[in-house]
Amino acid sequence: MGCKVLNGRELATRIKSELKSEVEALKKKGIFPGLAVIIVGNDPASRVYVNSKKKACEEIGIQSFEYALDEDTGEEELIGLINKLNKDDKVNGILVQLPLPKQINEDKVINSIDPKKDVDAFHPVNVGKLMTGNPVFLPCTPAGVMELIKESGIDITGKECVVIGRSNIVGKPMAVLLLSQNGTVTVCHSKTANLEEKIKNADIIVAAVGKPEFIKGNFIKPGAIVIDVGINRLEGKKLVGDVEFETAKEVASAITPVPGGVGPMTIAMLMKNTVKAAVFQKEGI
Ligand code: GUN
């Protein structure tokens, strides 16, 4: 039985080139999408992500505005900047790269973003819309995972889906999206009893635990689809996911690699949300 490697980089490139054409057409109608990207402090991983997001904007023709703030920036200053960007017509999307330094309350910051510009879909208004089945923006990483599952050719209806991780960014919205496509969803986490048994039962596994190569091939049901959201840097600098790729691909029917799987898809979905935000702000929802 062959295992299909789901190439997120290729799929993201395809999506971005479609968005590029869309943006060219929008510009002729006077719509110029813009994304503000805010980074606070010097986290090297955040810097890499922010640079990738800016590069994607450039590729597509979205104007990006970077705000790099010092590590010791106060909450009020950050929220002041967001309030200004909320009113700026050139800015259609506002992204605050997480995590934030400890003196800043993330919830307060997210709550200060205008939901119409919340291209991460982290604001409670957008979380609520997703939960009730009327989303405007889909959260980027879970939306990217859904596209990759679609690529595998599997119909989620009736499938046993196991999400490992319960974060607001990935695990929780992931569960909601799988449920919306009629999956039977189990959300597992660090306190889950008999985790291996739960994973073994899954037709679709979404791993977002943040533990390098935690899920081995022998945990996986033969033929399952494995989506690896983890990005872990080993001491030798090598990037690995939450799944042990070499053993898992012997058992799974489809699997995403790390790097080149979910990561590029997250960015493609962010671009999609930014274009959507620009259209909605111009033409109304
Ligand atoms: N940190 C980790 N993932 C994300 C994401 O998708 N968006 C933002 N803003 N920060 C993150």
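Whatever order the structure lists ligands and atoms in, that order sets their numbers, starting from 1.
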statement: Besides Ile231, the hydrophobic cluster formed by Ile, Leu, Val, Met, Phe, Trp and Tyr side chains linked at under 4.5 Å, directly or via other members, contains Tyr49, Leu239
List the atom pairs, donor and acceptor, that lie under 3.5 Å between side-chain atoms in residues 128-146 and the rest of the protein, sequence neighbours left out.
residue : atom : partner : partner atom : Å
Thr132  : OG1  : Gly128  : O            : 2.9
Thr132  : OG1  : Lys129  : O            : 3.3
Thr141  : OG1  : Thr266  : OG1          : 2.9

- request: Inspect the contact between Lys55 and Glu59 and indicate whether a charged nitrogen and a carboxylate oxygen are less than 4.0 angstrom apart.
  value: yes
message: Check whether Lys4 reaches the backbone of Glu151 with its side chain - one donor and one acceptor, N or O, closer than 3.5 Å.
response: yes
statement: For Glu147, the salt bridge (charged side-chain N to carboxylate O under 4.0 Å, His left out) test, sequence neighbours excluded, returns Lys150
task: Would you please write out the protein residues whose heavy atoms approach any atom of ligand 1 to under 4.0 angstrom, listed by chain and number?
output: Lys53, Leu95, Val96, Gln97, Leu98, Asp120, Phe122
task: Test Glu244 against every option in Lys211, Lys216, Lys249 by the salt bridge (charged side-chain N to carboxylate O under 4.0 Å, His left out) rule and name the one that passes.
output: Lys216
